[in-house]
Protein chains: 2
Amino acid sequence: MKLKIPEATIIRLSLYLRNLCEMERKGHVTISSEYLAKSLGIKSALVRKDLAYFGEFGTKGVGYDVKDLHAQILRIFGLNANWNVAIIGEPGLAVFLDNNFKKRGFVISSIFNLDPEKVGTVVNGVRIQAMDSLEATLKGKNTRLVILAVPAPVAQEIADKLVKAGIQAILNFVPVVLNVPPWVKLRNVDLVMHLEILTFCVGTQRVRLVESRGKRPWIGQA
Amino acid sequence: MKLKIPEATIIRLSLYLRNLCEMERKGHVTISSEYLAKSLGIKSALVRKDLAYFGEFGTKGVGYDVKDLHAQILRIFGLNANWNVAIIGEPGLAVFLDNNFKKRGFVISSIFNLDPEKVGTVVNGVRIQAMDSLEATLKGKNTRLVILAVPAPVAQEIADKLVKAGIQAILNFVPVVLNVPPWVKLRNVDLVMHLEILTFCVGTQRVRLVESRGKRPWIGQA
DNA sequence: CCATGTGAACGATTTCACAGCA
DNA sequence: TGCTGTGAAATCGTTCACATGG
């Protein structure tokens, strides 16, 4: 196994996985790198290179076994077992997310909110809790992953509490640069940024974004 | 003005913008490429190159005028005036988003939902509407931008309606490859993908993601 | 003197092209 | 023959280094 893996490879791995679920559902037995590549608008050699970082999963002259490759990628992501996810703030997210999440190995195990009025409400079978039960609940439920969607002014303060509670990764929706220790993995999603990119694209017919060599609707947003 | 602009440049432009708002609020008059670069963990030459795609905004020996650069980037994004945004599905998003959105030039002008029970409810001053009023409302309110967060099985069908209603750009949260005509700009955000990347990072101490040359917590997600 | 703007060098990622095996 | 796995080449993005000008 090699040592340096491009982030783009990991992003594509997730998209291959989504594709493989679909293929498995449809009853396909094998799949070619060419097919996966087409669906992402990339070249097949890149698909093979991506997979080669982790092993030799294919059969020459045949392709990849759908079920096997699916299992391999799940293993690569550490998704052999489900992961508990806590949502801090915005309980509305939970409703929308829950359907997709369960199917793909993530369980919304707890929801927290700053607003005392909302505490006690049940969303998708999960009771909204107050912030003071954060540490105890996260540790009790073995929650290593958190989605953060709170108002910007309190984001860092809450992030600190999460770190103290032993969380290992944060998916941050707050448009603020969070400071966390290096062992906590952080991923930021700024929705305004995505909208700005869209307005840029809408506004400029003159300028051409490089983005689409081929046509890869899911890549680059990372 | 050059013709091909890397998507990464547009992403950074959005981050510069966020930074400039902060600087302006703090009363800073000028800002250097070095300062902007440090805050993103990149080299100053890259900041200058990014800006050079669009013009010469700086003064040699001094730096950039905060207010001017702020205005220039807003103009580049086409954000001289506010953009109306419609949310299809998940009204909970609206509550969380509204605060940040307004400040940065986006107004949630309408919310639609498939569930008849929710229609009529008022969220953040916006009445939730039924899907059958989609086209009339979007056209009436001059809405060119839509956030799509509906169940996967109906996503394509609704996307078709949006295209028919003359929408120009879609920010898609549904983990499905949407087919839209080339003049409609599409940007996909798959939250499960982001969680998978995080579980990958948590799982592997052995493997090192290339991601962090320097330290750019906001880049690569795209 | 200081920070911008940019050609040249570098590094990383993607594609090409083909060897190797079912 | 058909498709994988992989060096070599091409491409794209970032950094270096410096000329330029306030």
Side-chain angles (χ1 to χ4, degrees), chain A residues 1-13 15-16 28-38 40-66 68-69 72 208-216 218-220 222, chain B residues 1-13 15-16 23 28-38 40-66 68-69 72 207-216 218-220 222:
Chain A
M1 191 181 288
K2 286 149 198 171
L3 231 73
K4 281 184 145 195
I5 296 170
E7 191 191 36
T9 291
I10 306 303
I11 290 173
R12 283 189 297 265
L13 233 46
L15 301 176
Y16 302 152
H28 288 67
V29 177
T30 61
I31 193 169
S32 68
S33 60
E34 185 62 34
Y35 181 95
L36 281 171
K38 280 250 174 68
L40 298 190
I42 55 176
K43 296 293 183 236
S44 61
L46 186 52
V47 175
R48 297 196 294 274
K49 275 231 155 79
D50 282 342
L51 297 174
Y53 280 110
F54 302 95
E56 304 197 357
F57 304 128
T59 308
K60 301 190 185 196
V62 178
Y64 301 91
D65 181 273
V66 171
D68 176 58
L69 190 55
Q72 293 288 358
R208 197 181 314 270
L209 269 198
V210 175
E211 172 202 23
S212 23
R213 185 164 14 142
K215 189 193 270 184
R216 344 173 235 189
W218 285 91
I219 297 175
Chain B
M1 190 182 288
K2 286 150 198 166
L3 231 72
K4 281 184 147 195
I5 296 170
E7 191 191 35
T9 290
I10 307 302
I11 290 173
R12 283 189 297 266
L13 233 46
L15 301 175
Y16 302 152
M23 287 295 105
H28 288 67
V29 177
T30 60
I31 193 168
S32 67
S33 60
E34 185 62 35
Y35 181 95
L36 280 170
K38 280 250 174 68
L40 298 190
I42 55 176
K43 296 294 183 233
S44 61
L46 186 52
V47 175
R48 297 196 292 277
K49 276 230 156 78
D50 284 342
L51 297 174
Y53 281 111
F54 301 96
E56 303 198 355
F57 304 129
T59 308
K60 300 190 183 194
V62 179
Y64 302 90
D65 181 274
V66 171
D68 177 56
L69 190 56
Q72 294 286 358
V207 178
R208 195 181 315 272
L209 269 198
V210 175
E211 174 200 24
S212 24
R213 180 161 24 138
K215 189 194 271 182
R216 347 172 231 188
W218 285 91
I219 297 174

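Hydrogens, waters and symmetry mates play no part in the numbers below; they use all other heavy atoms, side chains included. Per chain, numbering begins at 1; letters A, B, ... match sequence-line order.
Protein atom CD1 of I42(A) is 12 Å distant from nucleotide atom P of dC16(C), rounded to whole Å. If you measure from atom CD1 of I5(B) to atom P of dT14(D), you get 13 Å, rounded to the nearest angstrom. Here the C1' atom of nucleotide dG5(D) and the CG atom of L69(A) are 14 Å apart, to the nearest Å. Distance L36(B) CG to dG5(C) P: 12 Å, rounded to the nearest Å. Between K43(A) atom NZ and dA8(D) atom C1' there is a gap of 18 Å when expressed in whole angstrom units. Put simply, CG on L46(B) is 17 Å from P on dC12(D), counting in whole angstrom units. Going from atom CG of D68(A) over to atom C1' of dT4(D) covers 14 Å, rounded to whole Å. Protein atom CG of L51(B) is 16 Å distant from nucleotide atom C1' of dG13(D), rounded to whole Å.
At dG5(D), none of the side-chain N or O atoms of R48(A) fall inside 4.0 Å of OP1 or OP2 (strictly under the cut-off). In terms of phosphate contacts, Y64(A) brings a side-chain nitrogen or oxygen within less than 4.0 Å of OP1 or OP2 of dG5(D). In this structure, R12(B) reaches the dT14(D) phosphate: one of its side-chain N or O atoms is under 4.0 Å from OP1 or OP2.
In terms of the salt bridge (Lys or Arg N to Asp or Glu O under 4.0 Å) criterion, residue partners of E34(B) (sequence neighbours excluded) are, by chain and number, K38(B). Under the rule for a side-chain contact (heavy atoms from CB on, under 4.5 Å), the partners of V29(A) that lie at least two apart in sequence or sit in another chain are D65(A).
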Distances for protein N/O vs nucleotides 20-22 of chain C N/O pairs under 3.5 angstrom?
none

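Comparing atom distances between the A52(B) side chain and each of dT6(C), dT13(C), dT6(D) picks out dT6(C) as nearest. Picking from dT15(D), dA3(C), dC16(C) the nucleotide with the shortest atom distance to the side chain of K49(A) gives dC16(C).
Residue contacts for E34(A): at a heavy-atom cut-off of 4.0 Å it reaches no nucleic acid atom on any strand shown.
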Problem - side chain to side chain contact (heavy atoms under 4.5 Å, CB included) between R12(B) and I42(B), intermediate numbers included - result: CA-CA 10 Å; R12(B) 283 189 297 266; I42(B) 55 176; 3.6 Å; yes
Discussion item. Would L46(A) and T9(A) count as a side chain to side chain contact (heavy atoms under 4.5 Å, CB included) here? Give the steps.
Written reply: CA-CA 9 Å; L46(A) 186 52; T9(A) 291; 5.8 Å; no
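Minimum heavy-atom separation, Y64(A) to F57(A): CD2-C, 3.7 Å. Closest of all the heavy-atom pairs between V47(A) and S33(A) is CG2-O, 3.8 Å. Residues T30(B) and V66(B) approach most closely at C-CG2, 3.7 Å, considering heavy atoms.
Between A45(A) and S33(B), it is S33(B) whose nearest contact on DNA chain C lies nearer the 5' terminus.
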